[in-house]
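Structure record follows, encoded as structure tokens.
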2 protein chains.
Amino acid sequence: MAYLQHFYNPSDDDFPLLLARNQQNTGTVAEQVQTILKTVKEQGDAALIRYASQFEGASLSSLQVSQEEMEQARSLVPSDLKGALQQAYAHIKAFHTAQLPQAEHLEIADGIQLSRNIVPYQRVGLYIPGGTAPLFSTVLMLAVPAAVAGCPQIVLCTPPDKEGKVHPAILYAASLCNVGTIYKVGGAQAIGAMAYGTKSIGRVDKIFGPGNRYVTEAKVQVSSSCCAIDMPAGPSEVMVVVSDEADPAFVASDLLSQAEHGKDSQAMLVIKGNRRSAEIQLAKVEVELARQLEMLCRQDYLLSSLSSSRAFIIDEQKACQRLVNAYGPEHLIINLGSDEADAEFAQGIVNAGSIFLGPYSCETAGDYASGTNHTLPTNGWARSYSGVSTDSFLKKITVQKVTRKGLAYLGPTLLTMAEHEQLRAHRNAVSLRLGGDR
Amino acid sequence: MAYLQHFYNPSDDDFPLLLARNQQNTGTVAEQVQTILKTVKEQGDAALIRYASQFEGASLSSLQVSQEEMEQARSLVPSDLKGALQQAYAHIKAFHTAQLPQAEHLEIADGIQLSRNIVPYQRVGLYIPGGTAPLFSTVLMLAVPAAVAGCPQIVLCTPPDKEGKVHPAILYAASLCNVGTIYKVGGAQAIGAMAYGTKSIGRVDKIFGPGNRYVTEAKVQVSSSCCAIDMPAGPSEVMVVVSDEADPAFVASDLLSQAEHGKDSQAMLVIKGNRRSAEIQLAKVEVELARQLEMLCRQDYLLSSLSSSRAFIIDEQKACQRLVNAYGPEHLIINLGSDEADAEFAQGIVNAGSIFLGPYSCETAGDYASGTNHTLPTNGWARSYSGVSTDSFLKKITVQKVTRKGLAYLGPTLLTMAEHEQLRAHRNAVSLRLGGDR
């Protein structure tokens, strides 16, 4: 039995069909989210406490995680996990610190100074989904760049469990990043609370983080009216580009580690090479998929994801690159047999979230601890968005200082352009300053 | 008669009310735009040609501006305007070239290389509004950074006039920036065409540019489904912060040059100083407003804008800065009597689109030709967005190369984190690579 439907040298015209994502129907989701957002806007904290009871079955007396809970978390997290989080934290911090931009300064002419002030977002909101497993890694991926950028107010929302608690590993990861303001609020209501503000939760300037369809839809809805968001989101995905000599066990493990994220994940395989040897390679990968699947949990997720995953066999490098760019994968693993071959292939990639080069750069490394960010554009948005980085937490304000001499130099140009755009008051602001003969 | 309603030392609690923008009702606009977008998606070029007839009264045989029209434009633009556009182009290009980022490269540990590839958006769409005056300055503000970033495909849409022509100054500005693909399409339908693609117009990855309520609404709508946008937009605005010694004629001219943009523009004045002398200053500004108004056109725009503009007299520097940051002005002019005072004030500003320092840095300079970009966040969005810059046309793709040694070093952390997040396949991808004992 083959897990992956496969295609040989597909034509570029067929890319849209062959590379289609799992469809998401957001019809009723949009309406439900609209109602939740409206309720949060109107009723504030009371609505949040009611929703916590309704959706999480938690009876909350206070929305904010207490200092006591923060301290308890410290003792509840096992020491191996503490150590792992500390190493991941150090790597993520180092790479995101290297991303801090320099402010430009340019004297465009005598008397005309141009520059940009780099300022952090003042209030950012981080959303960490709930679910069966605590996503402490996402806490680091959002809170570290926020802290590196210098955001003075960092708020984190995450749904509580039935007992009204937040998983200690989430709290510990947040405390590593000095995020002390954590609210027990989940779902679309958390997005509403951060976008509009409530009595407990201050309104933020930008919201970051993954979530289910409700959270995603809520982010999109608030982004059109009052609050920026990191990016629209969709199910997670990987594209693995390999030669016919890549270790099939490695290849299968990467496809599977993507497929376990959710039922709608997608794991795409591209084998570059001639048809005959590539088909043999594909058969080996299929054998490994079967073998490894047996050892794994989440079988329903894995099988569901694989059923909408595909394999492509492509002779030519340029055609491979076109396929990758047409898909715009969140994660792109390139393993073509040598550092040079991998690097050359990567040079042609313009649409991808994050690239992993060579046999040992498994996605797990970037998901957790190498230092790159795992909050990446999915669902083809890599065409239009970069992943979260330190940049995502910084604004740039242009500044100009023009002296009388500078304005005199620029004057004729300004007067001419204002005249032709028929903006007399714009013209007046210049002529009046230069005339001096009022 | 006073043009500006004024307030003395307003309390922070009153900021939201006193700093409110002109309300825009987009109820029916949203529905109309939805219909237009759907029609363009379904009917493509045919819809665009029909809309050009319906909205612009233009009968088009081809949507694209011809090579002949481009060449004609060259001879139709007067030489003073050509010279002005060339100087503006040179300054904008120089400042936006200075903004080109450096790619980072970091060896986080032996065997773990992290970097970011900087790649331009592949296909960008620029929208230039129509109207009485040709907005050639906006062509430069969008096309220059797109070209500096290296975007391989730059598409420009702008509505034609009744004769089916585009103003030659628009075409000339575009040709300066090597933008050769210009379509005679305006309004929400232009946004739809660039977002979805039609037979003539290729789908783009990101749409830039200002526009009326329909264009703005269309940008917001497509941004949630298929195409990034530069930023949401609203009416233009300025905040002018001065001491009681600033030249009142300069101050009035800046307020007026903002007010002429449209009926819903807003021009806010902040006088820092003690009440008595500030009130005298305000009276002088009012006299100048009256005097200069008489010499200007667009009286309806000017008077309408001034009616929703306001003046504030504030004793304290910190309170002034809080007011500015609460407003988040698109344009902020600071003129407090000395370079030092201006710079010190600017240091405290975290929410603004672009800052103009000193008596001679009038907004007109930045609007046209000093080199800074005039596509800036309005309507309070300066909290959440930077203005358009070279960054806006670049994506960053993280890249990692992990060797076997690097993975061995990182292994324990990855295994621990994957285990605690209950992601077995993630764990498997690491253990299998390190085990080697399959």
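Here the structure is a predicted model, which means the values were calculated and not measured. Chain A is the first sequence line, chain B the second, and so forth, proteins listed ahead of strands; every chain is numbered from 1.
Using a 4.5 Å cut-off between heavy atoms, B:D367 touches chain A through its side chain atoms alone. For A:A259, no part sits under 4.5 Å from any heavy atom of chain B, backbone or side chain. Contacts between B:Q422 and chain A at a heavy-atom distance below 4.5 Å involve backbone atoms as well as side-chain atoms. Only the backbone of B:A382 comes within less than 4.5 Å of a heavy atom of chain A; no side-chain atom from C-beta onward does. Proximity to chain B is limited to the side chain of A:I112, based on heavy atoms less than 4.5 angstrom apart. Both the backbone and the side chain of B:V402 have a heavy atom closer than 4.5 Å to some heavy atom of chain A. Proximity to chain B is limited to the side chain of A:P78, based on heavy atoms less than 4.5 angstrom apart. In this structure, the portion of A:D391 lying under 4.5 Å from any heavy atom of chain B is its side chain and not its backbone. Neither the backbone nor the side chain of A:M231 comes within less than 4.5 Å of any heavy atom in chain B. Contact annotation for A:P134: both backbone and side-chain heavy atoms come within less than 4.5 Å of a heavy atom of chain B. With a 4.5 angstrom heavy-atom cutoff, B:P412 does not touch chain A via any of its atoms. Of the two parts of A:V204, only the backbone, made up of N, CA, C and O, holds a non-hydrogen atom closer than 4.5 Å to a non-hydrogen atom of chain B.
Looking at every heavy atom in both residues, B:A352 comes nearest to A:I397 through O-CG1, 3.4 Å. What you find for B:E421 and A:S137 is that their closest heavy atoms are OE2-OG, 2.8 Å. For the residue pair A:L432 and B:F250, the shortest heavy atom distance occurs at CD2-CD1, 3.4 Å. Between B:L114 and A:S370, the closest heavy-atom pair is CD1-O, 3.3 Å. Residues B:M417 and A:A84 come closest through the heavy atom pair CG-CB, 3.8 Å. The two residues A:F95 and B:I108 make their nearest non-hydrogen contact at N-CD1, 4.2 Å.
Expressed to the nearest 0.5 Å, how far CD of B:E260 lies from CZ of A:R427 amounts to 11.5 Å. B:T398 contributes atom OG1, which lies 6.5 Å from atom CZ of A:F356 (distance to the nearest 0.5 angstrom). We find the CD-OG distance between B:E217 and A:S224 to be 7.5 Å, quoted to the nearest 0.5 Å. One finds the CG atom of B:L414 at 6.5 Å from the OG1 atom of A:T364 (value rounded to the nearest 0.5 Å).
Without hydrogens or angle criteria, B:Q400 side chain to A:S361 main chain gives no donor-acceptor distance under 3.5 Å. Using modelled atom types, no side-chain atom of A:Y121 and backbone atom of B:R383 make a donor-acceptor pair closer than 3.5 Å.
When side chains are defined from C-beta on, A:K405 does not count as touching B:Y360, because their heavy atoms never get closer than 4.5 Å. Within the 4.5 Å cutoff, side-chain heavy atoms of B:N351 are placed close to those of A:K395. At least one side-chain heavy atom of A:L423 sits under 4.5 Å from a side-chain heavy atom of B:Y368. At least one side-chain heavy atom of B:L357 sits under 4.5 Å from a side-chain heavy atom of A:V399. Using a 4.5 Å heavy-atom cutoff, the side chains of A:Q102 and B:Q102 are not in contact. Considering only heavy atoms from C-beta on, A:T413 stays 4.5 Å or farther from B:Q86 through its side chain. The shortest distance between side-chain heavy atoms of B:L410 and A:H91 falls below 4.5 Å. At a threshold of 4.5 Å between non-hydrogen side-chain atoms, the residues A:Q99 and B:L106 do not count as touching.
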side-chain contact (heavy atoms from CB on, under 4.5 Å) assessment of B:H420 paired with A:V77
CA-CA 10 Å; B:H420 284 276; A:V77 176; over 6 Å; no
Please walk me through it: do B:L302 and A:R424 pass side-chain contact (heavy atoms from CB on, under 4.5 Å)?
CA-CA 11 Å; B:L302 292 167; A:R424 292 286 160 77; over 6 Å; no
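Your options are B:S257, B:G353, B:A418, B:A343, and the one with the most heavy-atom pairs under 4.5 Å with chain A is B:S257. When each of A:C297, A:C362, A:G83 is checked for heavy-atom pairs under 4.5 Å with chain B, A:C362 comes out on top. Taking chain A as the reference chain and counting heavy-atom pairs below 4.5 Å, the highest number among B:G380, B:G411, B:S354, B:P101 is found for B:S354. Counting heavy-atom pairs closer than 4.5 Å to chain B, the top-ranked of the candidates A:L407, A:V350, A:T403 is A:V350. Options A:G358, A:P232, A:A228 differ in how many heavy-atom pairs under 4.5 Å they form with chain B, and the most are formed by A:A228. Interface check for chain B: of the options A:P359, A:A346, A:G371, A:A169, the most heavy-atom pairs under 4.5 Å are formed by A:P359. Ranked by heavy-atom pairs under 4.5 Å with chain A, the list B:L332, B:D339, B:I229 is led by B:D339. Across A:P377, A:S225, A:C226, A:G111, the residue that shares the most heavy-atom pairs under 4.5 angstrom with chain B is A:C226. Note on B:A133, B:S384, B:S386, B:A369: by heavy-atom pairs under 4.5 Å with chain A, the leading option is B:S384. Interface check for chain A: of the options B:L135, B:I349, B:L394, the most heavy-atom pairs under 4.5 Å are formed by B:L135. Annotation: maximal heavy-atom pairing with chain B below 4.5 Å, among A:L293, A:I334, A:L296, A:V220, occurs at A:L296. Taking B:N325, B:L256, B:T372, B:L85 one by one and counting their heavy-atom pairs under 4.5 Å with chain A, the maximum is reached by B:T372.
Residues forming a side chain to side chain donor-acceptor pair (under 3.5 Å) with A:H261 (at least two apart in sequence, or on another chain): B:H426. Applying the side chain to side chain donor-acceptor pair (under 3.5 Å) criterion to B:K219, with sequence neighbours excluded, gives B:D230.
Counted by atom type alone, A:R116 and B:S389 present one or more donor-acceptor pairs between their side chains at under 3.5 Å.
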